Amino acid sequence: MPAGAVAAQEPFHRDEDAQGGAVRAGARGEGEGEAGARVVEDRNCLGEPDTLLRLRSLHDGQRPPHGCEEGRCSCGDGRRPGPVHRGLPEEVRRGAGGVGMARASEDLSRVGRMRLAKLAALKERGFEPYAYSFDVTRHAAPSVADFEELEEEADCEEDRGVAGRWAGRMVGFRSHGKSAFADLEDRTGRVQVYFKRNVLGPDGYSLLDLLDLGDWIGVEGGLFRTRMGQVTILAEDLRLLSKSLRPLPFGKLETDSETGGTTTHSGFADRESRYRRRYADLAVNPGVREVFRVRTRIVTGIRRFLDDLGFVEVETPVLQPLYGGASARPFVTRHLALDRTLYLRIADELYLKRLIVGGMDRVYEIAKDFRNEGIDRFHNPEFTMLEFYQAFADYEDMMEVVERLMATVAEAAAGSRNCTYQGVEIAVEPPFRRVPFVDSLAAALGTDPLDASEDVLLELAETHGASGLEGAGRGKLLDKLFGELVQPGLVQPTFVVDYPKELSPLAKEKRGAPRLTERFELFVAGQELANAFSELNDPIAQRVRFDDQAALRVAGDAEAQQVDEDYIRALEYGLPPTGGVGIGIDRLVMLLTDQASIRDVILFPTLREAE
RNA sequence: GAGCCGGUAGCUCAGUCGGUAGAGCAACGGACUUUUAAUCCGUAGGUCCUGGGUUCGAUCCCCAGCCGGCUCACCA
């Protein structure tokens with residue numbers, strides 16, 4: 001389905017680009033250099049309003065960059081030959097004041113203009129600013145660790161034999177005239193690089209003048225320890241791998257040598273910008289990269305756990321003719337060739353159970369579901385759900401599986417079964433506490449909710465601050481009260497079990513308690529993490545439940561489930577006893593990475609359209 | 001959808017009891033061959049979110065809007 005999405009979108013984008021390009025090309029004056037065109041293109045791709053270039057006709061030459069003028073004077077002192085001197089070389093100055101890129105607006109970043117000028121200078125000098133590849137042999141953090149280990153073993157203060165090639169983004173630069181230090185950051189961390197003019201040669205060393213923070217560079221050399229004791233690469237060769245034209249919003253990262261902790265001085269903190277430009281957020285905030293690495297570890301851990309139990313990972317339709325398996329409003333779309341309405345799934349449930357009917361007796365799916373509802377700290381319209389189904393198991397069995405899965409994944413993510421969520425210690429330690437739904441609610445209400453009439457429930461709900469619930473039905477009222485009175489207190493992992501039937505149209509009746517179902521939800525830190533039941537496998541009973549839902553729909557409940565005849569037919573073929581579980585991956589990641597908002601665990605969260 | 005808070009330099013923020021604005025970092029020029037928030041000297045940088053209104057004058061006050069955050073509602 002991604003293929004379909006791309007197919008549908010691509011022509012649109014091309015069209016846009018073509019038009020945008022044409023318009024801008026028309027607005028440009030003649031004599032525009034190559035670099036100018038390149039940047040216009042860049043702007044289109046990024047689709048950003050604050051472009052590096054905003055073309056104006058007049059002020060070129062009216063206002064040559066001040067610094068350049070001065071530099072021009074001082075470089076005439078004859079102390080250094082040709083283009084190899086400190087500061088920006090001649091061609092940069094010309095570029096900055098002259099053709100093409102220098103048509104940059106003055107209302108946007110001079111930084112960007114300077115970088116464009118450097119780009120031109122690089123090309124003029126024969127440096128390829130956008131390399132094709134680089135043969136990386138070593139990485140920052142492990143190479144430093146290896147070096148330290150070697151030092152201890154070999155007692156050599158001079159082990160220059162540890163050579164290699166590193167590639168990464170330049171995130172720090174301290175020039176000292178004829179030598180300079182840079183910090184190179186790759187996916188493993190940072191390593192310092194030391195450049196010396198007499199090692200790199202004047203030409204090679206002059207490349208440093210054309211580098212900026214944010215550039216991707218490759219260095220070749222060996223490790224040594226500086227006078228200050230820092231393991232550092234002595235660069236014997238330097239390559240520019242990709243020129244960064246737009247300044248990254250780096251903060252200053254200070255490392256406390258005593259505690260090893262780091263403090264960020266200023267930096268990229270605005271939430272909106274961080275979400276909209278996640279690439280910059282990731283580039284600049286290592287902690288953000290770490291959250292998403294942990295997210296991957298969690299998902300990988302889940303897969304391994306289920307695979308080891310003999311579960312088979314499957315893929316079921318995102319585009320569904322009917323939506324079901326949960327109570328939520330769907331996204332509606334249309335298939336043109338079939339001329340029919342389709343819905344983006346709100347759950348995987350009904351398809352996965354069809355697979356159990358087919359004899360795939362342990363299946364799971366980790367995939368996006370879509371719910372057309374409000375956005376807040378705990379809800380994103382598209383979110384990742386794990387569902388797994390196990391034949392011949394009931395909800396008791398599934399509670400055990402969930403306990404083991406949670407403990408395993410907590411260890412995979414945090415290295416421990418204990419975690420802190422927003423200042424509260426959470427022990428992910430089986431067995432989890434179990435509380436019957438009705439008992440917990442009865443304790444909070446002081447009356448048995450099952451025996452209370454709908455009117456009484458409504459009154460209770462309203463006294464607890466809920467409104468607009470007239471005609472909502474018992475199920476919704478009970479759920480409302482539970483969410484209001486019980487849920488916030490469920491901090492340590494807790495299974496709430498045996499939900500009223502009205503709330504659970506796909507769950508099997510509880511043995512010996514026909515008004516309840518064999519269902520549990522897992523709550524941690526006041527949030528619902530999992531929902532599971534002994535699956536209702538009696539097709540006749542299922543039809544009755546669907547009919548009840550249909551009645552709710554008629555009564556105006558837009559979230560009541562649709563009757564899925566094909567699903568009933570599948571049940572008629574025979575669904576073995578089955579336990580099923582759904583786990584919200586995003587919320588699980590929030591818990592295990594201590595993030596307060598779901599947007600901080602989704603790479604590109606849904607936002608309003610930027611102006 | 002409602003309430004509260006916010007939007008000022010590339011980043012983090014301060015400020016103007018209404019007279020078109022500042023700091024630190026980043027940038028640019030200069031010095032410096034073991035620095036590390038490098039340092040020192042110098043320079044430049046702003047649609048004070050947008051649109052109206054009040055006013056001699058609005059970044060500031062008022063109204064409307066846009067965007068974001070938090071809370072509430074919704075989310076079985």
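Residue numbers start from 1 in every chain, and the chains themselves are labelled A, B, ... in the order their sequence lines are given, proteins ahead of strands. Values in this document were obtained by computation on a predicted structure and should not be read as measured data.
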Rounded to whole angstrom units, what separation is found between the [atom1] atom of [X] and the [atom2] atom of [N]?
X	N	atom1	atom2	result
N372(A)	G1(B)	CG	C1'	15 Å
R225(A)	U35(B)	CZ	P	14 Å
M114(A)	U43(B)	CE	P	18 Å
L516(A)	A76(B)	CG	C1'	16 Å
I346(A)	A76(B)	CD1	C1'	11 Å
R246(A)	C11(B)	CZ	C1'	14 Å
E272(A)	C66(B)	CD	P	14 Å
E373(A)	C72(B)	CD	C1'	17 Å

Pairwise [atom1] distance, [M] and [N] [rounded to whole Å]:
N	M	atom1	answer
U50(B)	G7(B)	C1'	11 Å
G30(B)	G53(B)	P	50 Å
A26(B)	U39(B)	P	8 Å
A44(B)	A23(B)	P	12 Å
G45(B)	A27(B)	C1'	9 Å
C74(B)	G3(B)	C1'	16 Å
G51(B)	U47(B)	C1'	13 Å
C72(B)	U59(B)	C1'	32 Å

Checking all strands, does [X] fall into the base, sugar-phosphate, or nothing category for heavy-atom contacts under 4.0 angstrom?
X	value
D212(A)	sugar-phosphate
R519(A)	base
N380(A)	nothing
R174(A)	base
Y275(A)	sugar-phosphate

Could you please name the option among [options] that lies closest to any side-chain atom of [X]?
X	options	value
M228(A)	C28(B), C32(B), U35(B)	U35(B)
K196(A)	C70(B), U33(B), U35(B)	U33(B)
E521(A)	C74(B), A76(B), C11(B)	A76(B)
D376(A)	A73(B), C32(B), U34(B)	A73(B)
F181(A)	A26(B), U35(B), A76(B)	U35(B)
H176(A)	G68(B), A76(B), A38(B)	A38(B)
T226(A)	C11(B), A76(B), U35(B)	U35(B)
Q192(A)	U34(B), U35(B), U33(B)	U35(B)
P505(A)	U34(B), C70(B), A76(B)	A76(B)
Y194(A)	U33(B), C70(B), U35(B)	U33(B)

Kindly assign one of parallel, tilted or perpendicular to the pair [X] and [Y], based on the angle between their ring planes and the thresholds 30° and 60°.
X	Y	value
F370(A)	F331(A)	perpendicular
H176(A)	F181(A)	perpendicular
F495(A)	F520(A)	perpendicular
F546(A)	Y567(A)	perpendicular

Any side-chain N or O of [X] under 4.0 Å from OP1/OP2 of [N]?
X	N	result
K118(A)	C28(B)	yes
K480(A)	C74(B)	yes
R271(A)	C67(B)	no
R377(A)	U71(B)	yes

message = Need to verify one output field. Residue with the more 5' nearest nucleotide on RNA chain B, L213(A) or S273(A)?
response =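 The answer here is S273(A).
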
Only pairs with both distances under 3.5 Å count, Watson-Crick or wobble alike; so what is the partner of [N] in this structure?
N	answer
G22(B)	C13(B)
C60(B)	none
U36(B)	none
A27(B)	U43(B)
C70(B)	G3(B)

message = If you go through the side-chain atoms of Q230(A), does one of them form a donor-acceptor pair with the base of U34(B) closer than 3.5 Å?
response =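 Under the 3.5 Å cut-off, the side chain and the base do not form any donor-acceptor pair.
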
key: Sequence-distant partners of R289(A), side-chain contact (heavy atoms from CB on, under 4.5 Å), two or more places apart   =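 Listed in chain order: E185(A), L282(A), P286(A), R293(A).
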
query = Quick one: are D212(A) and K118(A) in side-chain contact, heavy atoms under 4.5 Å?
reply =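 Yes, at least one pair of side-chain atoms sits under 4.5 Å.
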
query = Below 4.5 Å, heavy atoms only, C-beta onward: do T517(A) and E509(A) meet side chain to side chain?
reply =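 Not touching, per the 4.5 Å side-chain cut-off.
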
task = Taking the six-membered ring for Trp and the single ring otherwise, decide whether the centroids of F437(A) and Y499(A) are under 6.0 Å apart.
result =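 Yes - the distance between ring centres of F437(A) and Y499(A) falls below the 6.0 Å cut-off.
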
request  = Hey, could you give me each pair passing salt bridge (Lys or Arg N to Asp or Glu O under 4.0 Å) that has a residue in residues 229-238 of chain A? Not counting sequence neighbours.
outcome  =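 Residue pairs passing salt bridge (Lys or Arg N to Asp or Glu O under 4.0 Å), neighbours aside: D237(A)-R239(A).
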
